[in-house]
Amino acid sequence: QVQLVESGGGLVQAGGSLRLSCAASGRAFSSLDMAWFRQAPGKEREFVAAISRSGSSTYYADSVKGRFTISRDNAKNTMSLQMNSLEPEDTAVYYCAAEGRNWYPTNRWKYDYWGQGTQVTVSS
């Protein structure tokens, strides 16, 4: 089993920045492909960004390209999402996800492990 714990959410004004972190335990972190998803009230959970187990490959949703950066530290068993130029449309619960077998980076149904989520609220 893999346990994922997110942190770093909060309230920020439009144009501001936040950094989310995801701490993993229960399995070798370097064997997991990782991602961030988000879910706004009344909407489907959507892909935000993903990073391969080595960190060599990253993927981003078009809506966050150029503003968000995903990274990981395999020595510390952590993944991060640096979010800059935040917009009210970025308001959502952000979830950390992990997959240790076949990786489909943007497909939420292919991730086996999920964190509990952290709220990000961007005020206008």
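These numbers were taken from a predicted model, which means no experiment stands behind them.
- V12 and M83 end up in the same hydrophobic cluster when Ile, Leu, Val, Met, Phe, Trp and Tyr side chains are linked at under 4.5 Å.
- Of the possible donor and acceptor atoms, one in the side chain of S52 sits under 3.5 Å from a partner among the backbone N and O of S57.
- Looking at T91, its side chain does come within 3.5 Å of a backbone N or O of V122 through a donor-acceptor pair.
- Side-chain atoms of N74 do not come within 3.5 Å of backbone N or O of S30 as any donor-acceptor pair.
- Pairing each heavy atom of C96 with each of M79, the nearest pair is SG-CE, 3.6 Å.
- The heavy-atom pair separating T78 from A23 by the smallest distance is CG2-CA, 4.3 Å.
- R72 places no side-chain N or O within 3.5 Å of a backbone atom of S54 that could act as its donor or acceptor partner.
- Rounding to the nearest 0.5 Å places OG of S63 at 10.0 Å from CD of E89.
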Handout entry: N84/S17 under side chain to side chain donor-acceptor pair (under 3.5 Å): CA gap, chis, key distance, verdict
Key = CA-CA 4 Å; N84 298 328; S17 299; 2.9 Å; yes

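- Remark: S21 OG to E6 CD distance equals 10.5 Å, nearest 0.5 Å.
- Taking every heavy atom of both residues into account, E99 and R101 meet most closely at OE2-N, 2.7 Å.
- For W36 and Y60, the gap between ring centers reaches or exceeds 6.0 Å.
- The distance from atom CG of N77 to atom CZ of R27, rounded to the nearest 0.5 Å, is 12.5 Å.
- The cluster map of Ile, Leu, Val, Met, Phe, Trp and Tyr, joined by side-chain heavy atoms under 4.5 Å apart, puts L86 and V93 in different clusters.
- Taking the ring axis of W114 as reference, the NZ or CZ atom of R108 does not stay both within 45° of it and closer than 6.0 Å to the ring centre.
- D90 places a side-chain N or O within donor-acceptor distance of the main-chain N or O of E87, the cut-off being under 3.5 Å.
- Less than 6.0 angstrom separates the ring centroid of F47 from the ring centroid of F37.
- Side-chain heavy atoms closer than 4.5 Å link hydrophobic residues (I, L, V, M, F, W, Y) into clusters, and following such links, even through other members, never connects I70 to Y111.
- In this structure, R45 is positioned above the aromatic face of Y95, its NZ or CZ under 6.0 Å from the six-membered ring centre and within 45° of the axis.
- When all heavy atoms of P105 and A50 are compared, the closest pair comes out as O-CB, 3.8 Å.
- Two different hydrophobic clusters hold Y59 and L32 under the rule that ILVMFWY side chains link at heavy-atom gaps under 4.5 Å.
- Residues W103 and M34 are members of separate hydrophobic clusters, defined by side-chain heavy-atom contacts under 4.5 angstrom among Ile, Leu, Val, Met, Phe, Trp and Tyr.
- With salt bridges taken as basic N to acidic carboxylate O contacts below 4.0 Å, one links R38 and E46.
- Screening L20, L11, L81 against V120 for a side chain to side chain contact (heavy atoms under 4.5 Å, CB included) leaves a single residue, L20.
- In this structure, D33 CG and Y104 OH are separated by 12.0 Å, a value rounded to the nearest 0.5 Å.
- Atom NZ in K110 sits 9.5 Å away from atom CG in D112 (nearest 0.5 Å).
- Between S80 and R19, some side-chain heavy-atom pair lies under the 4.5 Å cut-off.
- The aromatic rings of Y94 and F68 are tilted relative to each other, their planes meeting at an angle between 30° and 60°.
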